[in-house]
Amino acid sequence: MLFFLALNVGASGQEVQTITTKGEGWFEGSDTLIGKDRAIKDALVKAVEQAVGIMVSSETRVQNFQLLNDEIFTKTEGYVQNYKILNENQGRNVYEVTIQASVATGPIKEKLDALGLLLRQVGKPRIMILVAEQNIGKQHYHYWWGYHRGEQADLTITENTIMDRFREKGFDFVDHQAQSKNIKVVPAYRVAELNDRAAITLGKQADAEVVIVGKALAKSIGSVAGTAMKSVQANVSLRAIQTDTGGVLSSGSEHAAAVHIDEVTGGVEALKKASAKISEKMMDDIIKNFQKRVGATTLVQVIVNGLSGPEDLRKFKNMLQGQVRGVEGIYERSFTGNVAKIEIDLKGSAQSLSDEIGRKNFKEFAVKVLSTTWNTIEINVTPK
């Protein structure tokens, strides 16, 4: 296991991708070293391009080529840790090399995050925060969906910190204050500790694709070595849930301490520290989850209304498989009445599938898209 890790992690602890590429460089007369230098540079750029290709779809690369070229491809020294020449060949005015390069993927991911490309290619999902918080001096947890919503409309320390950190990476948030008229909180949901089902229901009402739900608590530990300074501990426990599928994208807990002469102020500082720590972990988990969708297939849920029977369903599945781009596999989950629920293994997103279905004129069925979420589509079909 240690040997395997050593192959994939550089000396600095960064994840490293070993990539073999070929490069070409032209030269005039007998200036072969100029050709060799250019060939090596060309091969290094191609190595970095391949590393980016693992994280970003080909469509995103084409649409943002100039941006990627300016910010990443032409700056190989920031990403290539080392390389060795495996083969070299001198032709007429052309020098060719084959190299094996060690490319650090961590800095590339950070740059892609900063450019917003990872989020942009999956539709920049919107997030709603449902975190109950209790700081020192408060008798109860503070949460905006509780009984006293009018009195507790202000954002919590934890919520503010999470939003600040996530927005730095390009994430968007649902403003629950602005959406309060659309969010109906039934009495059963007016509790500090929401279950996944309740959190998903509230998130869907505000059209959020992801909800971050959990609790944050700050408590006093006592005086520091007999002085007037107070030690405070904060615990933050969160989970990020995809609202259309119920899948957990990230979960975890973080702890942080602060020392201050005022316990309440110390509680604020401790909550900020713990919230910042868990935000970094959750962003990393969510982005890694998004990366799995790039270059791989996504399982999209499709609800099909209007089918007259099993034969119609068979024809519809064959139609999708043969006439819609990106469909790798179709799995029937249920068929009741004239409604079928299927899952499609797709190279793309629910939005791209919806667009593809909506603009096609199929021979067998007239198809109308009724609704689309981040990972689900509902359609109505009429046999022709």
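This one's a predicted model, so the numbers in the text were calculated from it and none came from an experiment.
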**Study point:** Electrostatic pair Asp355:Arg359 at N-O distance under 4.0 angstrom
**Key:** no
Review point. So, are Lys281 and Asp285 salt-bridged, with charged N and O less than 4.0 Å apart?
Key: yes
Review point. Can you find a pair of side-chain heavy atoms, one from Asp207 and one from Val174, that are under 4.5 Å apart?
Key: no
Exercise for review: For Gln321 and Asn318, test the side chains for any donor-to-acceptor distance below 3.5 angstrom and give the result as yes or no.
Suggested key: no
Point to revise | Value rounded to 0.5 Å, distance of NE2 in His260 from CD1 in Ile136 | key: 11.5 Å
Point to revise | Test: Arg239 and Asp196 ion pair at under 4.0 Å | key: yes
**Study point:** Ionic contact status for Glu71 with Lys111, cut-off 4.0 Å
**Key:** yes
Review point. Taking Ile212 as the fixed residue, which of Ile162, Ile278, Thr158 is the one that meets the side-chain contact (heavy atoms from CB on, under 4.5 Å) rule?
Key: Ile162
Review point. Salt-bridged, Lys384 to Glu364, with N to O below 4.0 Å?
Key: no
Practice item. Classify the ring geometry between Phe365 and Phe316 as parallel (under 30°), tilted (30 to 60°) or perpendicular (over 60°). Key: perpendicular
Please list, one pair per line, the donor and acceptor atoms closer than 3.5 Å that link side chains of residues 91-101 to other protein atoms, with sequence neighbours excluded.
| unit_1 | atom_1 | unit_2 | atom_2 | d |
| --- | --- | --- | --- | --- |
| Asn93 | ND2 | Phe27 | O | 3.0 |
| Tyr95 | OH | Glu88 | OE1 | 2.5 |

Check your understanding: Salt-bridged, Arg333 to Glu343, with N to O below 4.0 Å?
Key -> yes
Under 3.5 Å, side-chain donor or acceptor atoms of residues 163-171 against the rest of the protein: list the pairs with distances, not counting sequence neighbours.
| unit_1 | atom_1 | unit_2 | atom_2 | d |
| --- | --- | --- | --- | --- |
| Arg165 | NH1 | Glu280 | OE2 | 3.3 |

Point to revise | Presence of salt bridge, Lys317 and Glu332, under 4.0 angstrom | key: yes
Practice item. Decide if atom NZ of Lys277 counts as having more than 12 heavy atoms of other residues, nucleotides or ligands within a radius under 6.0 Å. Key: yes
